[in-house]
Amino acid sequence: MSTLRVAIIDDHVMFRTGVRAEIEGPVEVVAEAEDVDSAVKVLTETLPDVVLLDVHMPGGGGLEVIRRLHQRHPEVKFLALSVSDAAEDVIGIIRAGARGYVTKNISGAELLDAIARVAAGDAVFSPRLAGFVLDAFAGTIEIAQVDEDLDRLTEREREVMRLIARGYAYKEVAKELFISVKTVETHVSSVLRKLQLSSRHELTRWANDRRLI
Amino acid sequence: MADHLGVPVLYVRLAFIVATWLHGIGVIAYLLLWRFLPLSRPDLAPGLESATRRGLRTGSRTGTAEIAQTIALGAVGIGVLLLIQSTGRGIGGNLFAPLLVGVVGLAVIWRQYDDVAWGRWMRETRGWGFASRIGAGIVLVAFAALFFLTQEGGWGAALDLASALVIALLGVLLILGPWVTRLLGDLSEERRERVRSQERADVAAHLHDSVLQTLALLQKNAGDAGAVATLARRQERELRAWLYGNDQQPGDSLVAALRAAAADIEDTHRVPVEVIAVGDAPLDPDVTALARAAREAMVNAAKHAHVDRVDVYAETGGRTAQVFVRDRGVGFDPDAIAHDRMGVRGSIIDRVERHGGSASVRSAPGEGTEVALSVPLRGSDTPIDTEALDTEEKA
C-alpha cells in the first residue's frame, strides 16, 4: 500500500504543526490550510486521500468545506477533528459527509489508525460520537411504525455503538460480541450511512432542536 | 414571530393571509406585530455563539424553499383578495384602488424600519434617502386620500367628513409610528448594551480567576510533567463546561454527579476520566446510590489499574439507569478478593443491590476491568433527557 496523502485543515498554526510532526512519516502531509476558501483551493489542487478537518474555522467551518468539495470529489475522505463538544456541530459535519470524528487530544498512534481506517472507506467513531449517535437515535419506536430501514439502528448496531461509547476499541468490540473486526467495521459504516441519510422524524427533530438544518 | 406563539411559521403566515381577506386586518396586524416583536435569536453557549459570530461554523440560513414558500403564500393571498374583489363582496371597488396605493405608500415608509436585511443604510433618520422615502410615502398616502375623496364626492357629507378625518388620523399615526417604535427600540438597545458590558466584565473575571491562575501554576510546576498535565486537564474541563454550557451542579442529575466525580478523581489521582452519557435521570436515592457506586469504581480504576485513562458510560432509558466504568489496566481476579477486601463488595456491589439494582465486575489479570452497574428507575420519575436539561439551563 502506498503512503497515504493527508491534508490538515485547521486555523491554529500550532495545532497544524503539532499534528504534522506526529503523523509525518507513516503518511505524507501534502497540504495545509487555515480557512474555508484556501482549503477548498488546495484540496482541489492536491486531492489528498484523507483530510483532517477542523469543525470550527473562519469562513463557515468544516461543514462548508465538505459542502463545497464533497459533490465534486467524493473520493476525498474527511475526518473531523475538534475540541468542540457541541453535538449539533459534530452530527452536522457527519451528516455533511465526514467519515468520522475524533477529538483533538487523540494520540498520534490513534490518529494514524483513524486515518488509515477512513482512507479504507470505514468510519471512525470516538466514544463521544457513539454517545451522540445513541442519543440521536434514542427512544424506542414500534417496529411496525417504521417502514424505512434507515430510520432506526438494528439491535446489533446499537450494541456496537454502546460498546464504543463504553471505550472499547473495534478489536475489543469484536471480541466481546464474538464477531470479526471486519463485521464491526461494517456495522459502524452502516450506522454512519444511516446517520447521513436518515430523514427519521426524531433525528430531524433532534437536529432541529439543536438548529442543525 | 412564530417562536413567540410556539407554532410553525407556515401556519402563522397562513393565518395572516386568511385574515387579510377580512378587509385587510391581516396586513395591519402583521405589520404591527412585525414591528413590535423582537426578532428571536437563539441562545447559544458562549463558545458556540462566538464561533457563529466569527463565521467559524455554518449556521442555519434562509433556504430558497422558504423564500419560494413565502412568495407562493403571498401570491395565493393576493389572488384570493382579487377574487373576492371581482365578486363584488369585498371592499367597495372604488375604495380598493386608493387603498392599494395607500398601503404601498405606507409600506415604503415602514420598510426602512425592518431590522435585519436593510440594516444601517435604511435606518438613517436624516439625509437625502430618508427624506425622499418619507416624501414618496406621504405623496402616495395623500394621493390615495385625494382619490378617495373625489370618488366618494357623491355620498353624504357626513360620511365624507368622517372618512377624511379617519384617513388624516391614520396618516398621522402611521407617519409618527416609526419614530415611536424607534424610540422604544433605542431603549431596549440601550438595555441590551448594558447587559453586554456586564457580560464582558464577567468574562474578564472568569478568565482571570481560571485561566490566568492555571497558567501561573503551570509555570511554577513546569518541571513536573504529571502536575502540568493534570492542571491543563482541569482547566480544559472548566473552560469547556463554561464555553459549551454544561455547568450543571453535582446535585442535579446522574450525569452531573458522574461528571463531578470524574473531575474530582482526575484531580486527586491524575488520571483522565472520560464520561459519555446518553440520557439523564434525576437523583433519587436509587440513582444516587448508583452514582456513588460508580464513583467508587472510578476511584478503584484510577488507583489500582495503572492506566492513563478511564472510560465511563452512562445510559438512561426506559426503566433502568446503567453505568459502565472501564479501564484497560492490570486487572485482577474478582474471585480472589471477594472475601477479604471490602472495597468492591461493600461499596459497589452491595450498595447497588440494596437499591434493587445489579452490579457485575468483569476482570482478569492483564485484561483490564469493567464494572457494570444498573438500577431500576422509579416508575413515576420519567427519565429526563439531556435536551430538556440543556434548555433548562439556558432559560
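Naming: A, B, ... by sequence-line order, numbering from 1 per chain. Since this is a predicted model, take the numbers as computed values, not measurements.
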> Is the number of heavy atoms from other residues, nucleotides or ligands within 6.0 Å of CD (A:Q71) greater than 12?
Replying inline: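 Count not over threshold, so no.
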>> Does A:R20 have more than 12 heavy atoms from other residues, nucleotides or ligands lying within 6.0 Å of its CZ?
In response: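 Yes.
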Working to the nearest 0.5 angstrom, can you tell me the gap between [X] [atom1] and [Y] [atom2]?
| X | Y | atom1 | atom2 | value |
| --- | --- | --- | --- | --- |
| A:S107 | B:D308 | OG | CG | 9.0 Å |
| B:R362 | A:E176 | CZ | CD | 4.0 Å |
| A:I164 | B:D311 | CD1 | CG | 12.0 Å |

> Are any side-chain N or O atoms of B:R328 and backbone N or O atoms of A:G167, one a donor and one an acceptor, separated by less than 3.5 Å?
Replying inline: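 Side chain of B:R328 to backbone of A:G167: a pair is present.
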> At a heavy-atom separation under 4.5 Å, does B:V275 approach chain A through its side chain, its backbone, both, or neither?
Replying inline: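 It is the backbone, since no side chain atom gets that close.
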> With a cut-off of under 6.0 Å to the ring centre and 45° to the axis, is B:R326 in cation-pi contact with A:Y168?
Replying inline: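 Geometry flag: set, cation within 6.0 Å and 45°.
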> Within 45 degrees of the axis of the six-membered ring of B:Y313 and under 6.0 Å from its centre: does A:R166 put its NZ or CZ there?
Replying inline: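 No cation-pi geometry.
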